[in-house]
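Working notes, beginning with the structure itself.
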Amino acid sequence: ELAQERMKHLYEQKGYPKDWIDKRLRGIAIRQGLTDEWKERGIKAKKDYAILTSEISKATFGMTPGQYKKFKRIPSKTKLNLRDNMTDLEVIFTMLGERGTTEISKNEKPIAFKENKKVAHRAGSVAGRARLETEKEIGKSIITKQNYLK
């Protein structure tokens, strides 16, 4: 809780609004739940976490986190976090893909990396379809070059 309060204060100092901060902190909690689930399923190597995360991102947004960073023109040599530069809707669909992956994994209990990758892809695809439907309804892309803070 203390760490979360510090993060909240940090985001406030950077100029993020309260509603974005709340989503971002919820996204961090969802991500932690997902990594805990992957640990339960035997995922240990950092590289494997990166591959699984990329699988969710590709299925949700059509690009890996690295490609997304380039798309948003976030310099690769900096420590700037992609998620800290996402708009509200980008954060929400990231959370949907990751939370969906956690739920499917809890239900199916995959045991091998390959099975975990399939789960990540399926959940990311659900988020991707929801993103496309939302874009159709709002008449614009959720994926944007805009960084949350200028």
Side-chain angles (χ1 to χ4, degrees), residues 1-8 10-11 16-72 74 76 78-148:
E1 283 180 39
L2 192 59
Q4 227 179 13
E5 279 303 311
R6 272 190 237 127
M7 284 186 73
K8 188 175 182 178
L10 229 152
Y11 282 124
Y16 290 93
K18 185 186 179 329
D19 66 326
W20 185 94
I21 295 169
D22 292 342
K23 284 180 198 76
R24 181 68 177 104
L25 293 178
R26 183 68 187 129
I28 290 168
I30 286 170
R31 175 67 184 182
Q32 184 62 53
L34 175 58
T35 58
D36 289 348
E37 176 62 20
W38 281 340
K39 282 178 197 162
E40 284 280 317
R41 304 288 147 235
I43 305 301
K44 291 180 176 50
K46 274 188 171 185
K47 184 181 106 183
D48 291 342
Y49 284 87
I51 292 167
L52 293 172
T53 300
S54 286
E55 197 64 35
I56 296 168
S57 181
K58 282 189 297 191
T60 303
F61 298 108
M63 56 187 124
T64 66
Q67 292 167 330
Y68 212 155
K69 258 183 125 168
K70 284 180 185 173
F71 176 78
K72 283 186 161 292
I74 301 169
S76 59
T78 66
K79 291 186 178 185
L80 292 175
N81 187 302
L82 172 62
R83 294 170 195 230
D84 288 350
N85 286 281
M86 288 181 160
T87 63
D88 276 2
L89 285 171
E90 289 171 315
V91 170
I92 289 166
F93 282 95
T94 299
M95 287 191 293
L96 178 60
E98 291 186 342
R99 185 62 191 174
T101 302
T102 303
E103 291 300 315
I104 294 170
S105 181
K106 284 181 177 182
N107 288 342
E108 297 182 4
K109 300 178 182 8
I111 53 172
F113 175 78
K114 191 174 179 181
E115 290 174 6
N116 279 282
K117 190 174 176 185
K118 286 179 184 175
V119 167
H121 179 79
R122 284 173 40 219
S125 294
V126 169
R129 288 191 302 274
R131 176 187 60 84
L132 292 171
E133 282 295 313
T134 303
E135 288 174 344
K136 192 172 10 171
E137 290 297 323
I138 64 175
K140 65 181 181 178
S141 180
I142 286 166
I143 300 168
T144 174
K145 289 184 185 280
Q146 173 193 348
N147 291 333
Y148 198 81

Phe93: ring pair (Phe, Tyr, Trp, His ring centres under 6.0 Å) partners, not counting sequence neighbours: none

Trace of the side chain to side chain contact (heavy atoms under 4.5 Å, CB included) decision for Arg41 with Ile111: CA-CA 6 Å; Arg41 304 288 147 235; Ile111 53 172; 5.9 Å; no

By salt bridge (Lys or Arg N to Asp or Glu O under 4.0 Å) - contacts of Lys47 (at least two apart): none

Separation between CD of Glu55 and CD1 of Ile51, rounded to the nearest 0.5 Å: 9.5 Å

Rounded distance (nearest 0.5 Å) linking atom CD1 of Ile143 with atom CE of Met86: 9.0 Å

Spatial distance of atom NZ (Lys72) from atom CD (Gln67) [nearest 0.5 Å]: 14.5 Å

Salt bridge (Lys or Arg N to Asp or Glu O under 4.0 Å) involving Asp48 - partner list, sequence neighbours excluded: none

Pairs where residues 96-106 contributes a residue and the test side-chain hydrogen bond (donor to acceptor under 3.5 Å, both in side chains) is met, not counting sequence neighbours: Arg31-Glu98, Glu37-Ser105, Arg83-Glu98, Arg99-Glu103

Nearest-0.5 Å distance, OG1 of residue Thr35 to CD1 of residue Ile30: 12.0 Å

Listed once per pair and sorted, the ring-ring contact (aromatic ring centres under 6.0 Å, His included) pairs that draw on residues 110-131, sequence neighbours left out: none

Side-chain heavy atoms of Leu2 within contact of Arg6, under 4.5 Å: yes

Residues that Gln4 engages under side-chain contact (heavy atoms from CB on, under 4.5 Å), provided they are two or more places apart: Leu25

NZ (Lys18) with more than 12 external heavy atoms under 6.0 Å: no

For Asn81, all residues meeting side-chain hydrogen bond (donor to acceptor under 3.5 Å, both in side chains), sequence neighbours excluded: none

Heavy-atom side-chain proximity of Tyr16 to Arg24 below 4.5 angstrom: no

Lys/Arg N to Asp/Glu carboxylate O, Lys118 vs Glu115, below 4.0 Å: no

Test salt bridge (Lys or Arg N to Asp or Glu O under 4.0 Å) applied to Glu133 - qualifying residues, sequence neighbours left out: Lys136

Results of side-chain contact (heavy atoms from CB on, under 4.5 Å) for Leu132 - residues two or more places apart only: Glu135

Set of residues satisfying salt bridge (Lys or Arg N to Asp or Glu O under 4.0 Å) with respect to Arg26, sequence neighbours excluded: none

Least distance between heavy atoms, Thr60 atom then Gly97 atom: OG1-CA, 4.3 Å

Spacing of Asp19 atom CG and Asp88 atom CG [to the nearest 0.5 Å]: 5.5 Å

Residue pair Ala123 / Ile104: nearest heavy atoms and the distance that separates them: CB-CD1, 3.9 Å

Audit row: Thr134, Glu137, side chain to side chain contact (heavy atoms under 4.5 Å, CB included) steps and yes/no: CA-CA 5 Å; Thr134 303; Glu137 290 297 323; 5.7 Å; no

Interatomic distance, Glu90 atom CD to Arg131 atom CZ [nearest 0.5 angstrom]: 10.0 Å

With Val126 via side-chain contact (heavy atoms from CB on, under 4.5 Å) - residues at least two apart: Arg129

Enclosure of Lys69 NZ (heavy-atom neighbours >12, cutoff 6.0 Å): yes

Pairs touching residues 25-61 that satisfy ring-ring contact (aromatic ring centres under 6.0 Å, His included), sequence neighbours left out: Trp38-Tyr49, Phe61-Tyr68

